Amino acid sequence: MASEDSTFDIIITGAGLSGINAAYLLQSELPNHSFTVLESRDHIGGTWAFWKYPGVRSDSAMALFGFPWYPWTEGTNMADAHLIKKYMEGAAASQGIDKKIRFNHRVTSESWSSEEQRWTLHVDVTSGDGTVLEKKIFKTPWLVNATGYYSYEKPRPTVIPGIERFQGEVVHPQFWNDEVQYDNKRIIIIGSGATAITLLPALAKTAKHVTMLQRSPSYVVSLPARDKLMQFMERFMPIQWAGKINWWIRMVAETLSVQLLLNFPNWGRKSVVDAMRRQLPKGFDVDKHFNPRYNPFEQRLCLCPRGDFFEALRGPNASVVTDHIETVTENGILLKSGETLEADMIITATGLYMSLLNKIDVFVDGVRINDTIGQRYMWNGVMLEGIPNTGVITGYVAATWTPGASTRTQQFIKVIKHAEKTGATIATPYIDEAKRARLPKEPCIPNSSTYIAEVRDRLPLVANVGPWRNGKNWLEDAIRLWFGWVTTGMRFTSWNRAKSD
């Protein structure tokens, strides 16, 4: 039986960016509700406390990536991981959220009972090395899953022919640690996403040579090093005011720029490619190495601060090769073109393993639902068809993450408020079977990146009609939050009424 101190009105899983933000929004909008945050590790930070590879940093401007309620004051546009972790710790402490977090509490299963009208969470309390010290049970009527969408333990499985023959060191960025030494080494980075774009300039500072080997090009956009607008406004007004004004200006600018690029793809492609061309060395083959086959925002744009990626490519010890791997050899990589790249180290920056609930087994009235997530529609980007009283918090993939996580958390809070106002105890996204048969079946993340496209059968569906959608930008989500009907596509009941029906 669960002890009294393990029963809460709301439980949040995960003390990363989304979890800390959800905690703030919950205690602000539902101040009379008890809650706790269950975090599997021994510190705040999520992604930004996990990744250790050189140069790891945000891939969005901090004015939007940070919390609207706790302005980013470092002055930089893009921040190193350790500064983001420090910022999150300060934000949590400023609101007393740090006192609500239970560290080393790893949720192993979540089980909904319609008869009890609440979730039961089975939790392993662990030591720093992962040893299970104790098992606990927590209960709650409302559950917020804020554990992200990828696995910390498992990278995306990638077949690289001949990799086992390589006599040098093979490193995956996900498992980078302080023992990895790269000074004066010849390094090949396999991949062309945000991790590769970050690694190349960081490694090139001390490596003998760094080659980014890509099958196809990416768009890379430079951001100024400093947030000059924020620095200017700080001179004339309180920092909280400056932060809020800066947030709105940045949000309008991001929304307009994304929509322009999406709606005028030919102009968008030319603008971004021309900007890259101006920063690359004279005579660089831009059409081969930096002219993607897809349009902007069909995959995420990669960002780099101060153009550091292009600056590295203008130096003597960094290069980009666009080709396919024939096989890895003992001393490097043989390409389909016949060219050989010699290496002392290979870094496999080949993507994430998408895992929406991060190894948590989820049951609804005794039925395990993990394997059916890919068959369920998403309700307003936050709840899943047929799963009661739980929000799954994610942010935007093509745009800045945090605004999306915020609007979706607020949408879930709207559901809780309506349920309590009407006396309902259960809120379940629901589609009539006849209507469901007519709904389109679209991926909830239309991004064409390989690591996303290959796991669409594990991710929820959207129809892009009514509430059955996953918004692509903040304005779209905010309009639905402010003006949408929370009852559309949602069945509010109490267990007693449900049994009588």
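Predicted model, so just to flag it, every value in this text is computed and none were measured. Sequential numbering from 1 along the given sequence is applied to the chain's residues.
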Value rounded to 0.5 Å, distance of [atom1] in [X] from [atom2] in [Y]:
{"X": "Ile187", "Y": "Asp344", "atom1": "CD1", "atom2": "CG", "result": "8.0 Å"}
{"X": "Ile44", "Y": "Ile20", "atom1": "CD1", "atom2": "CD1", "result": "4.5 Å"}
{"X": "Arg269", "Y": "Asp274", "atom1": "CZ", "atom2": "CG", "result": "11.5 Å"}
{"X": "Gln95", "Y": "Leu25", "atom1": "CD", "atom2": "CG", "result": "10.5 Å"}
{"X": "Ile346", "Y": "Leu213", "atom1": "CD1", "atom2": "CG", "result": "9.0 Å"}
{"X": "Ile333", "Y": "Thr327", "atom1": "CD1", "atom2": "OG1", "result": "9.0 Å"}

Original post:
Should the pair Arg226 and Phe232 be classed as cation-pi, given the thresholds of under 6.0 Å to the six-membered ring centre and 45° from the axis?
Top reply: no
Subject >> salt bridge (charged side-chain N to carboxylate O under 4.0 Å, His left out) between Glu442 and Arg469, intermediate numbers included >> reply: CA-CA 9 Å; Glu442 303 291 341; Arg469 61 180 78 225; over 6 Å; no
Subject >> Worked verdict on Tyr377 versus Trp379 for ring pair (Phe, Tyr, Trp, His ring centres under 6.0 Å) >> reply: CA-CA 6 Å; Tyr377 282 93; Trp379 183 89; over 10 Å; no
Original post:
Can you list the steps and then say if Thr158 with Thr348 is a side-chain contact (heavy atoms from CB on, under 4.5 Å)?
Top reply: CA-CA 9 Å; Thr158 305; Thr348 54; over 6 Å; no
Compare all side-chain heavy atoms of [X] with those of [Y] and state whether any distance is below 4.5 angstrom.
{"X": "Leu352", "Y": "Arg156", "answer": "no"}
{"X": "Pro217", "Y": "Asn291", "answer": "no"}
{"X": "Pro71", "Y": "Met230", "answer": "yes"}
{"X": "Met383", "Y": "Phe412", "answer": "yes"}
{"X": "Leu341", "Y": "Val321", "answer": "yes"}
{"X": "Leu301", "Y": "Pro296", "answer": "yes"}
{"X": "Thr206", "Y": "Asn184", "answer": "no"}
{"X": "Ile197", "Y": "Ser192", "answer": "no"}

Under 3.5 Å: donor-acceptor pair, side chain of [X], backbone of [Y]:
{"X": "Asn370", "Y": "Val362", "result": "yes"}
{"X": "Thr329", "Y": "Gly332", "result": "yes"}
{"X": "Gln279", "Y": "Ala275", "result": "yes"}
{"X": "Lys414", "Y": "Leu481", "result": "yes"}
{"X": "Tyr396", "Y": "Asn473", "result": "yes"}
{"X": "Asn317", "Y": "Ala207", "result": "yes"}
{"X": "Thr340", "Y": "Leu335", "result": "no"}
{"X": "Glu74", "Y": "Thr76", "result": "no"}
{"X": "Lys185", "Y": "Gln181", "result": "yes"}
{"X": "Arg215", "Y": "Ile190", "result": "no"}

Subject >> Full working for side-chain contact (heavy atoms from CB on, under 4.5 Å) between Met345 and Val180 >> reply: CA-CA 10 Å; Met345 176 184 288; Val180 179; 3.8 Å; yes
Subject >> Greater than 12 external heavy atoms within 6.0 Å of Phe175's CZ >> reply: yes
Identify the two heavy atoms, one from [X] and one from [Y], that lie closest to each other, and give their separation to 0.1 Å.
{"X": "Ile245", "Y": "Met237", "answer": "CD1-SD, 3.7 Å"}
{"X": "Val37", "Y": "Gly14", "answer": "CG1-O, 3.5 Å"}
{"X": "Leu303", "Y": "Ser60", "answer": "CD1-CA, 4.0 Å"}
{"X": "Ala312", "Y": "Pro201", "answer": "CB-CA, 3.9 Å"}

**OP:** Pick out which of Tyr149, Trp48, Trp474 makes a ring pair (Phe, Tyr, Trp, His ring centres under 6.0 Å) with Trp401.
**Re:**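 Exactly one candidate clears the test, Tyr149.
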Original post:
For the ring pair (Phe, Tyr, Trp, His ring centres under 6.0 Å) test, which of Tyr24, Trp247, Tyr87, Trp72 pairs with Phe67?
Top reply: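 Only match with Phe67 under ring pair (Phe, Tyr, Trp, His ring centres under 6.0 Å): Tyr87.
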Original post:
Between Tyr219 and Tyr294, is the ring centre distance below 6.0 Å?
Top reply: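 So the answer is yes for these two rings.
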Original post:
Does Glu89 come within less than 4.0 Å of Lys85, counting only side-chain N to carboxylate O?
Top reply: yes
Subject >> Asp477 bridged to Arg408 by N-O distance under 4.0 Å >> reply: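 Looking at Asp477 and Arg408, the cut-off is met.
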Subject >> Passing option when Arg250 is tested against Asp227, Thr255, Thr400 for side-chain hydrogen bond (donor to acceptor under 3.5 Å, both in side chains) >> reply: Asp227
Original post:
Please walk me through it: do Asn21 and Ser406 pass side-chain hydrogen bond (donor to acceptor under 3.5 Å, both in side chains)?
Top reply: CA-CA 7 Å; Asn21 193 46; Ser406 289; 2.7 Å; yes
Subject >> Intermediate values then yes/no, side-chain contact (heavy atoms from CB on, under 4.5 Å), Tyr53 and Thr198 >> reply: CA-CA 9 Å; Tyr53 63 81; Thr198 301; 3.9 Å; yes
**OP:** Could you check Trp468 against Asn380 for side-chain contact (heavy atoms from CB on, under 4.5 Å), going step by step and ending with a plain yes or no?
**Re:** CA-CA 6 Å; Trp468 310 110; Asn380 281 325; over 6 Å; no
**OP:** Check the pair Tyr150, Thr47 against side-chain hydrogen bond (donor to acceptor under 3.5 Å, both in side chains), reporting the backbone distance first and the verdict last.
**Re:** CA-CA 10 Å; Tyr150 71 90; Thr47 290; 2.8 Å; yes
